Protein chains: 4
Amino acid sequence: MKKTKVNGCSLMQYLKDDVKNSILQAALSEFKRHGYSNASMRQIANSAGITTGNIYRYFKNKEDLFHELIHPVYEKFVQYMIEIKDDLDDNCAIDTNNPLDYLRKVESTIVELFKESNVELRILLNLSNGSSYEPVKQELIQLAALILEQVFIPGGDQQDKAMIEKYNLAHMLAGTLIEGACIILRDHEDGETVRQLVDELMRVYCAGIISRLKI
Amino acid sequence: MKKTKVNGCSLMQYLKDDVKNSILQAALSEFKRHGYSNASMRQIANSAGITTGNIYRYFKNKEDLFHELIHPVYEKFVQYMIEIKDDLDDNCAIDTNNPLDYLRKVESTIVELFKESNVELRILLNLSNGSSYEPVKQELIQLAALILEQVFIPGGDQQDKAMIEKYNLAHMLAGTLIEGACIILRDHEDGETVRQLVDELMRVYCAGIISRLKI
Amino acid sequence: MKKTKVNGCSLMQYLKDDVKNSILQAALSEFKRHGYSNASMRQIANSAGITTGNIYRYFKNKEDLFHELIHPVYEKFVQYMIEIKDDLDDNCAIDTNNPLDYLRKVESTIVELFKESNVELRILLNLSNGSSYEPVKQELIQLAALILEQVFIPGGDQQDKAMIEKYNLAHMLAGTLIEGACIILRDHEDGETVRQLVDELMRVYCAGIISRLKI
Amino acid sequence: MKKTKVNGCSLMQYLKDDVKNSILQAALSEFKRHGYSNASMRQIANSAGITTGNIYRYFKNKEDLFHELIHPVYEKFVQYMIEIKDDLDDNCAIDTNNPLDYLRKVESTIVELFKESNVELRILLNLSNGSSYEPVKQELIQLAALILEQVFIPGGDQQDKAMIEKYNLAHMLAGTLIEGACIILRDHEDGETVRQLVDELMRVYCAGIISRLKI
DNA sequence: CATGAATGAGGCTTCATTCAT
DNA sequence: GATGAATGAAGCCTCATTCAT
């Protein structure tokens, strides 16, 4: 890996990117297999075909490597959820007769992300123990719950007790939805199967929720 | 070889139990926070207010400590699930028009266990990685999936592709159901709220599943 | 184990001796099985039917317990060897035509000790690693070598080189003799077999030595 | 993955070998002093002038370090012993009038090994307790005993009791012979002296054994 | 006297991280 | 830029010894 400059354009950059990418790829595989805290930097270096110490020229430390791998997906995920929520805020209320329509919009964003970044999401949601992303899952569930709250408590004009119950319900369903997604991601790698099962999961939830709302 | 005094007041006894309990309590907290394999015996000892070596007077090793904490709940849980399944086998088929009736029976057994052993169940199901209980969650989901398969594939007389899809669906829903229960347990300690939310969760699932079956 | 005094004669003494003896007996077995440094005080206490801490009322520490067990045999052994040597000094020279006669005297002392204190001797010679008796084996070999030197270098009136060679020979044979005894002790517990094999060992050595002296 | 420079002078190589050798040397000394199971990795590291963890860059674990130290000698030793035995089997019977001739052949092989690998052999034979080499000494003594049995029980046509006695005698003498060799090795480093003493040892044994056979 | 719970130092081993080369 | 040897703290666990009871 020799330094060569051609026309003032450093080829190094390309080489460095190569190395960095192979580290990231090796890290992805290692984190997926063993989780954050049980992943071995040495193993990552071996898989990437470089030496242990060299990782630290590209990443400050294990946490930084994890961050660089997971952060983009995390940001996208949060952004999508916020967009969904904002969308919902603008439309003020969901069409409770057909929430499936609404949720189907979710597919075009989140499910895409699921299909694209399957592994990163699994790591983020289920294998980030010991890292600074450990509490993220809860945050995402909070966010999902905010969305569902709008379904159950459209006006917020209810009595306290009923409201708390619906608040709890929204949180619980948000959690199960996200866990459901995690399970799908864990058990299936094929994009189409993932899409299909997410579709089913949402269908079941929507039907259930609609039925629930009619009470 | 416990010191027991005639008048029923043995100080030693209390002290030893105290220590054992504080270890168990500290371990519960540590396992809950970091999972089995990332839990630190040193940290458990510190939390319990004793030295590391002293833990080993009460438990043979880390696995044994985990076992003593988790095993009772595990046994009860498996037993309940088997009873439920046997019950279903005897009745041959579920009343698809009213599966809620059936599922409501589940409440009287499993939900009780959930209410009693909140944290232990969460550890068993989500944080036992690296221990001998690691495969338990999958086994339980298999068991739950078997039950759901009876709902979706009553005769088993379907084309292969459709069957695989329904098989996947059963597994996914089984997983989300169990995760849903875990989430409820994590977020709520009040028995009545837990019961109510499990009820809701089942209602949603049943409604969703019924709606799904009509397709 | 209650303190009872009868006619001013403390029964305690007897009881204490009982305990002390059971410790010694248990220790003998443990040291024999695992050697000094791998022996476990806890195991000794268990075998003796008492508690760990109680050992320390009878023996200052592990080394002291070992000492009290091994020292008598050690002293006797050394004493016998010195007696043998003194005997040899007095008689000025061994009857080289019949050294077996002389060595047979050894039987009546040392072999008796071997037969009586089989286990202690094995521990002293082969299993004292880590204790203060570790170098004893070499000392005993030195002593035995002194005796053999008198056989090979009766007058000490030899040329330097030949003398050094005979000195080495004496040491080597002393060492092998003692090791031979250890091996016999390790492999046989039956007193008669031990006596017989020691006899054979000496016969072989004497024949060999006599033959050697004729050169 | 060793750095090697074209001009044959790689500083790294030297350094690494230096460290590995100093570990091996420190380990040799520690094992010799305390035996396998009581040897301390920390002490070995200290003696080698490195940190404890660094040993594990060179050796997988304690057993591996021991193995790398002892295995070569073990293999050679076993091979020689088998060759000797095969040789004896081919010649069907030993010339009992002159077994010294036969044993002298042994010198040209085993004694060489003894002279080369003094300490390693002593560790292998006397200080391997707790390692996978623990049973080796007994195996070697068995092998040596087999050879001696051919001397004492040529036809195997004896009465039971006499045979058992001779069997015991063969084992005892085999053990003492091997121990004798160990002792010589421990006390002398000079090759010529070792050769001479082994010669003496064998002479004594042969004379003794011949004399014994005449009974 | 006896108990046995507790300590503390040490056992082997792993691993993220640093640094001289 | 890259190397990989070295560090040091932490992992689980054992055990002789002490001490409050």
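Both backbone and side-chain heavy atoms feed into the values below; hydrogens, waters and symmetry mates do not. Letters A, B, ... mirror the listed sequences (proteins, then strands); counts begin at 1. Please read all numbers here as calculations on a predicted model, not as lab measurements.
Atom P of nucleotide E/dG11 and atom CD1 of D/I44 are separated by 11 Å, given to the nearest angstrom. Atom CD1 in B/I50 sits about 7 Å away from atom P in E/dT7, given to the nearest Å. We find that CZ of B/R57 is positioned 13 Å from P of E/dT3, with the value rounded to whole Å. Distance C/F59 CZ to E/dA2 P: 12 Å, rounded to the nearest Å. Atoms CG (A/N46) and P (F/dG4) sit 11 Å apart, rounded to a whole Å. Whole-Å rounding puts the D/I55 CD1 to E/dT14 C1' distance at 14 Å. Taking atom CG on C/D17 and atom P on E/dC1, their separation rounds to 11 Å, with Å as the unit. Atom OH in A/Y58 sits roughly 20 Å away from atom P in E/dA16 (whole-Å rounding).
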Using nucleotides 17-20 of chain F, report all nitrogen or oxygen pairs with the protein that are shorter than 3.5 Å.
from   : atom 1 : to    : atom 2 : distance (Å)
F/dT17 : OP2    : C/Y56 : OH     : 3.0
F/dT17 : OP2    : C/K62 : N      : 2.9

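Applying the side chain to side chain donor-acceptor pair (under 3.5 Å) test to C/E139 and every residue at least two apart in sequence or in another chain returns C/Y74. When the side chain to side chain donor-acceptor pair (under 3.5 Å) test is applied to B/S132, the partners found at least two apart in sequence or on another chain are B/E63. Contacts of A/S117 classified as side chain to side chain donor-acceptor pair (under 3.5 Å), with partners at least two apart in sequence or in another chain: none. With sequence neighbours excluded, the residues forming a side chain to side chain contact (heavy atoms under 4.5 Å, CB included) with A/H34 are A/E30, A/N38, listed by chain and number. For C/Q43, the side chain to side chain donor-acceptor pair (under 3.5 Å) partners two or more places apart in sequence, or in a different chain, are C/S47.
With the nearest nucleotide of DNA chain F identified for both A/G49 and B/Q43, A/G49 has the one nearer the 5' end. With the nearest nucleotide of DNA chain E identified for both A/A39 and C/T51, C/T51 has the one nearer the 5' end. Where B/S40 and C/N38 each meet DNA chain F at their nearest nucleotide, the meeting point lying more 5' is that of B/S40.
Listed by first and then second residue, the salt bridge (charged side-chain N to carboxylate O under 4.0 Å, His left out) pairs involving residues 35-62 of chain B amount to none (not counting sequence neighbours). Among residue pairs with one or both ends in residues 65-74 of chain C, those qualifying as salt bridge (charged side-chain N to carboxylate O under 4.0 Å, His left out) are C/K20-C/E68; sequence neighbours excluded. Among residues at least two apart or in separate chains, side-chain hydrogen bond (donor to acceptor under 3.5 Å, both in side chains) pairs with a member in residues 119-130 of chain B are B/N126-B/K137.
Ring-plane geometry between D/Y36 and D/F31 is classed as parallel, the angle between the planes falling under 30 degrees on a 0 to 90 degree scale with a further cut at 60.
Between C/L65 and C/I44, the closest side-chain pair of non-hydrogen atoms falls below 4.5 Å.
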Result block: side-chain N/O donor-acceptor pairs under 3.5 angstrom for residues 22-29 of chain C, not counting sequence neighbours:
from  : atom 1 : to    : atom 2 : distance (Å)
C/S22 : OG     : C/D18 : O      : 3.3
C/S22 : OG     : C/V19 : O      : 2.8

Taking Watson-Crick and G-U wobble contacts under 3.5 angstrom, with | marking pairs to another strand and [ ] crossing pairs, the secondary structure of DNA chain F is written .||||||||||||||||||||

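Within residues 24-34 of chain A, no residue has a heavy atom under 4.0 Å from DNA chain E.
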